[in-house]
Amino acid sequence: MDKERKIVSFLTKKYNQYDYEHKENLNAINENFLFYFTWRAERAYRCAFVAHTIKGMLNTINEGKVENYLVYLTNIRDNIINRLTTRNVVESSSCMLTNLCSLWETNARQDLLKIFNECLEIYLEN
């Protein structure tokens with residue numbers, strides 16, 4: 001049970017970190033859209049994607065739907081690896097913004113992969 005608490009604590013910390021950074025970037029963009037949009041939009045989008053994913057995981061955990069953390073985290077990690085290795089890095093759309101966001105999502109999935117690997121390290125440590 002201690003490992004599960006550590007994982008929830010770690011995920012909560014990561015969620016708060018990414019959510020805060022997302023909001024900070026949005027605030028900067030809102031303050032001076034013309035200047036900050038080009039500098040902060042990518043990070044705002046990536047942080048929102050990561051925070052949203054972690055929040056969904058925490059909701060699933062808090063609802064008691066996770067019986068085995070190792071299986072749950074491994075499945076999510078494997079799904080991300082599968083997505084990163086079998087799909088295009090950038091979608092092929094006539095909308096350039098869609099293509100750009102798909103690239104940012106690929107980068108966000110790489111961030112998530114690091115987070116889930118850290119969770120698995122917490123679970124597997126003695």
Side-chain angles (χ1 to χ4, degrees):
M1 226 22 182
D2 189 43
K3 291 179 182 185
E4 287 84 357
R5 259 193 307 272
K6 284 182 180 179
I7 289 170
V8 169
S9 175
F10 176 75
L11 286 173
T12 301
K13 177 182 167 190
K14 287 296 183 180
Y15 168 77
N16 290 334
Q17 172 189 337
Y18 279 87
D19 187 56
Y20 176 80
E21 189 174 343
H22 165 69
K23 289 175 182 171
E24 285 291 306
N25 283 301
L26 284 184
N27 288 337
I29 291 168
N30 286 332
E31 286 177 20
N32 189 340
F33 182 82
L34 293 176
F35 180 76
Y36 283 116
F37 182 76
T38 57
W39 297 104
R40 299 221 181 180
E42 175 184 1
R43 193 66 190 157
Y45 189 92
R46 287 175 61 182
C47 287
F49 188 92
V50 171
H52 176 77
T53 302
I54 294 172
K55 184 177 182 181
M57 290 179 62
L58 288 170
N59 287 342
T60 299
I61 290 169
N62 290 333
E63 291 170 2
K65 295 180 180 177
V66 177
E67 294 179 21
N68 185 322
Y69 279 63
L70 181 60
V71 171
Y72 181 64
L73 292 168
T74 301
N75 285 340
I76 293 172
R77 185 201 60 191
D78 290 349
N79 286 337
I80 289 175
I81 290 170
N82 184 50
R83 168 80 184 199
L84 289 172
T85 58
T86 62
R87 302 269 309 261
N88 292 331
V89 172
V90 177
E91 297 295 323
S92 180
S93 172
S94 59
C95 177
M96 292 305 293
L97 189 55
T98 299
N99 296 334
L100 186 58
C101 288
S102 74
L103 175 62
W104 294 346
E105 288 175 17
T106 296
N107 295 139
R109 285 184 180 91
Q110 291 171 334
D111 293 344
L112 285 165
L113 186 57
K114 292 175 192 170
I115 291 168
F116 298 142
N117 282 336
E118 289 180 59
C119 286
L120 288 167
E121 286 177 20
I122 290 169
Y123 193 86
L124 297 173
E125 69 186 18
N126 294 336

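All heavy atoms count here, side chains included; hydrogens, waters and symmetry mates do not.
In terms of hydrophobic clustering, with Ile, Leu, Val, Met, Phe, Trp and Tyr side chains grouped at heavy-atom distances under 4.5 Å, Leu73 and Val71 are assigned to different clusters. Note on Tyr15 and Ile80: same hydrophobic cluster, where clusters join Ile, Leu, Val, Met, Phe, Trp and Tyr whose side-chain heavy atoms are under 4.5 Å apart, directly or indirectly. No chain of hydrophobic side-chain contacts below 4.5 Å, direct or via other Ile, Leu, Val, Met, Phe, Trp or Tyr residues, connects Leu97 to Ile29. When hydrophobic clusters are built by joining Ile, Leu, Val, Met, Phe, Trp and Tyr residues whose side-chain heavy atoms come closer than 4.5 Å, directly or via intermediates, Val89 is not grouped with Val50. In the hydrophobic clustering of this structure, Phe33 does not group with Leu100; members are Ile, Leu, Val, Met, Phe, Trp, Tyr whose side-chain heavy atoms approach within less than 4.5 Å, directly or through other members.
Separating the CD1 atom in Ile81 from the CZ atom in Phe116 is a distance of 11.0 Å, to the nearest 0.5 Å. Rounding to the nearest 0.5 Å places CD1 of Ile7 at 10.0 Å from CG of Asp2. Note that the SG atom of Cys101 and the CD atom of Glu42 stand 10.0 Å from one another [nearest 0.5 Å]. Taking OG1 of Thr74 as the start and CG of Asn117 as the end, the distance is 9.5 Å to the nearest 0.5 Å. To the nearest 0.5 Å, the span separating CZ on Arg43 from CH2 on Trp104 amounts to 12.0 Å. Between atom CD of residue Glu21 and atom CZ of residue Arg40 there is a gap of 9.0 Å, rounded to the nearest 0.5 Å.
In this structure, Arg46 and Asp111 approach most closely via the heavy-atom pair NH2-OD2, 3.1 Å. Considering every non-hydrogen atom in both Glu125 and Lys3, the closest pair reads O-NZ, 3.0 Å. The shortest non-hydrogen separation linking Cys119 to Leu11 is SG-CD2, 3.6 Å. Residues Val90 and Ser102 approach most closely at CA-OG, 3.4 Å, considering heavy atoms. Nearest heavy atoms, Tyr72 versus Met57: OH-CA, 3.4 Å. In plain terms, the two heavy atoms of Ile115 and Phe10 that are nearest each other are O-CE2, 3.6 Å.
Side-chain atoms of Thr106 and Asn88, non-hydrogen and from C-beta on, never get closer than 4.5 Å to each other. Side-chain contact check for His52 versus Tyr18: every heavy-atom pair is 4.5 Å or farther apart. A heavy-atom distance below 4.5 Å is not found between the side chains of Val66 and Glu4.
The side-chain contact (heavy atoms from CB on, under 4.5 Å) test with Ile54 is passed by exactly one of Leu112, Asn59, Asp19: Leu112. The side-chain contact (heavy atoms from CB on, under 4.5 Å) test with Tyr20 is passed by exactly one of Gln17, Glu24, Lys23, His22: Glu24.
Checking side-chain atoms of Ser9 against main-chain N and O of Arg5 turns up no donor-acceptor pair under 3.5 Å. Asn62 places a side-chain N or O within 3.5 Å of a backbone atom of Leu58 that can act as its donor or acceptor partner. No side-chain donor-acceptor contact under 3.5 Å links Asn82 to the backbone of Asp78.
The number of heavy-atom neighbours closer than 6.0 Å to CD of Glu63, taken from other residues, nucleotides and ligands shown, is above 12. For OH of Tyr123, the number of neighbouring non-hydrogen atoms (other residues, nucleotides, ligands) closer than 6.0 Å is greater than 12. Heavy-atom neighbours of Tyr36 OH from other residues, nucleotides or ligands within 6.0 Å: at or below the threshold of 12.
Take Phe35 and apply the side-chain contact (heavy atoms from CB on, under 4.5 Å) test, not counting sequence neighbours, and it matches Asn32, Trp39.
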